[in-house]
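Notes follow the structure.
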Number of protein chains: 2
Amino acid sequence: MNMGTSKTSEYTEKEIAIANYAKALSHPARIAILNLLVKKQACICGDIVDELPLSQSTVSQHLVKLKEAGLIKGDIDGASVCYCIDEKEWKKAMAQMGELFQTLLTTKVKCC
Amino acid sequence: MNMGTSKTSEYTEKEIAIANYAKALSHPARIAILNLLVKKQACICGDIVDELPLSQSTVSQHLVKLKEAGLIKGDIDGASVCYCIDEKEWKKAMAQMGELFQTLLTTKVKCC
DNA sequence: CATATTCATCGTAAAATTACGATGAATAAT
DNA sequence: ATTATTCATCGTAATTTTACGATGAATATG
């Protein structure tokens with residue numbers, strides 16, 4: 001029995017990509033950082049630390065995760081660093097997530 | 001110095017809500033489950049296990065997390081359970097996440 | 001040059017997440 | 001009634017995440 005077994009051994013690229021973006025957004029501190037970057041309408045740096053209930057090193061780690069996910073970029077500007085939304089990458093991210101959202105929103109569910 | 005200290009001791013409700021939704025989506029298995037629920041256009045149950053590279057108990061745990069986040073619902077149907085997208089809750093979730101996305105997309109960043 | 005500021009990184013500890021097998025409860029089938 | 005199927009939960013181990021202080025590199029300021 002069980003001839004047509006189709007247990008996948010991996011996930012699709014898309015699934016992994018979306019999960020990674022979601023992971024980058026899965027902590028309130030990182031959402032707060034993104035909001036700060038927009039609200040201040042300027043590339044703040046250590047100011048982020050002042051606005052969050054976290055130490056400098058912890059904030060730095062969150063910034064690394066946002067950078068790794070490609071959601072923000074940080075340019076060195078003298079002694080300080082200028083962080084801001086990476087518009088181009090952000091759009092790519094949102095396009096991928098939006099695709100999933102749209103599918104789930106528009107597909108008519110007819111059960112339960 | 002530092003008179004106007006405004007280090008927040010907490011995050012906003014919105015930040016926490018968005019982070020929670022993102023956390024629910026932060027694992028490829030859970031993205032795959034959502035896609036399966038849509039693709040099959042029917043409330044599958046243990047079939048999910050056959051399609052994923054995970055054990056039954058692990059899949060069950062992922063389903064719990066999706067349920068806790070309010071993204072899916074599961075109705076008991078005899079011996080099996082019928083899972084499907086919770087349309088109403090899903091729309092609420094997407095509205096909240098979409099709000100953040102829109103803000104970050106439309107706000108003109110003028111730095112870096 | 002000496003000192004201060006800004007930020008990243010290292011080491012470490014605590015907590016959360018992920019995954020599995022084993023077990024059990026509930027319903028269905030024989 | 002017995003047996004099989006479906007799913008949740010428990011216990012546990014391995015890994016990842018979160019957070020902090022300490023330290024260090026780089027630039028700016030005195």
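Labels below follow one simple rule: chain letters A, B, ... track the order of the sequence lines, proteins then strands, and each chain is numbered from 1. Values below: all heavy atoms of this structure, side chains included; hydrogens, waters and symmetry mates excluded. Just so it is clear, the model here is predicted, and its values are computed rather than measured.
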Distance, rounded to the nearest Å, where B:H62 contributes NE2 and D:dA8 contributes P: 13 Å
For atom CD1 of B:I33 and atom P of C:dA19, their distance in whole Å: 10 Å
For A:K14, salt bridge (charged side-chain N to carboxylate O under 4.0 Å, His left out) partners two or more places apart: A:E99
Side-chain N,O (B:S57) to OP1/OP2 (C:dG21) below 4.0 Å: no
N/O donor-acceptor pair under 3.5 Å between B:R30 side chain and A:A19 backbone: no
Counterpart residues, salt bridge (charged side-chain N to carboxylate O under 4.0 Å, His left out), relative to A:K92 (two or more places apart): A:E89
Might you list the N or O atoms of the protein lying below 3.5 Å from N or O atoms in nucleotides 23-28 of chain C, with each pair's distance?
none

Phosphate OP1/OP2 of C:dT6: any A:S80 side-chain N/O under 4.0 Å: no
Give each protein N/O atom lying under 3.5 Å from an N/O atom of nucleotides 11-17 of chain D, with the pair distance.
from: D:dT17; atom 1: OP1; to: A:K23; atom 2: NZ; distance (Å): 3.2

Protein-nucleotide distance (B:L52, atom CG; D:dC7, atom P), rounded to Å: 13 Å
D:dA19 OP1/OP2 closer than 4.0 Å to side-chain N/O of A:T58: no
Between C1' of D:dT6 and CG of B:D75, the distance in whole Å: 16 Å
Donor-acceptor under 3.5 Å (B:S60 side chain, B:S57 main chain): no
Below 4.0 Å: OP1/OP2 of D:dA8 and any side-chain N or O of B:S60: yes
Evaluation steps, side-chain contact (heavy atoms from CB on, under 4.5 Å), between B:I31 and A:I16: CA-CA 8 Å; B:I31 303 295; A:I16 294 171; over 6 Å; no
Euclidean distance, atom CD1 of residue B:I48 to atom C1' of D:dT5 [Å, nearest integer]: 16 Å
Those residues that, when tested against B:E68, pass salt bridge (charged side-chain N to carboxylate O under 4.0 Å, His left out) (two or more places apart): none
4.5 Å side-chain heavy-atom contact, B:Y21 and A:L25: no
side-chain contact (heavy atoms from CB on, under 4.5 Å) partners of A:K67, counting only residues at least two apart: A:I72, A:Y83
B:E68 CD to D:dA8 C1', straight-line distance once rounded to whole Å: 13 Å
Length of the CG-C1' vector between B:L66 and D:dC7, whole Å: 16 Å
Note, A:T58 side chain near A:H62 side chain (heavy atom, < 4.5 Å): yes
Value in whole Å for how far the P atom of D:dT18 lies from CD1 of B:I16: 14 Å
Candidates D:dC20, C:dC20, C:dA8 - which lies nearest the side chain of A:L54: D:dC20
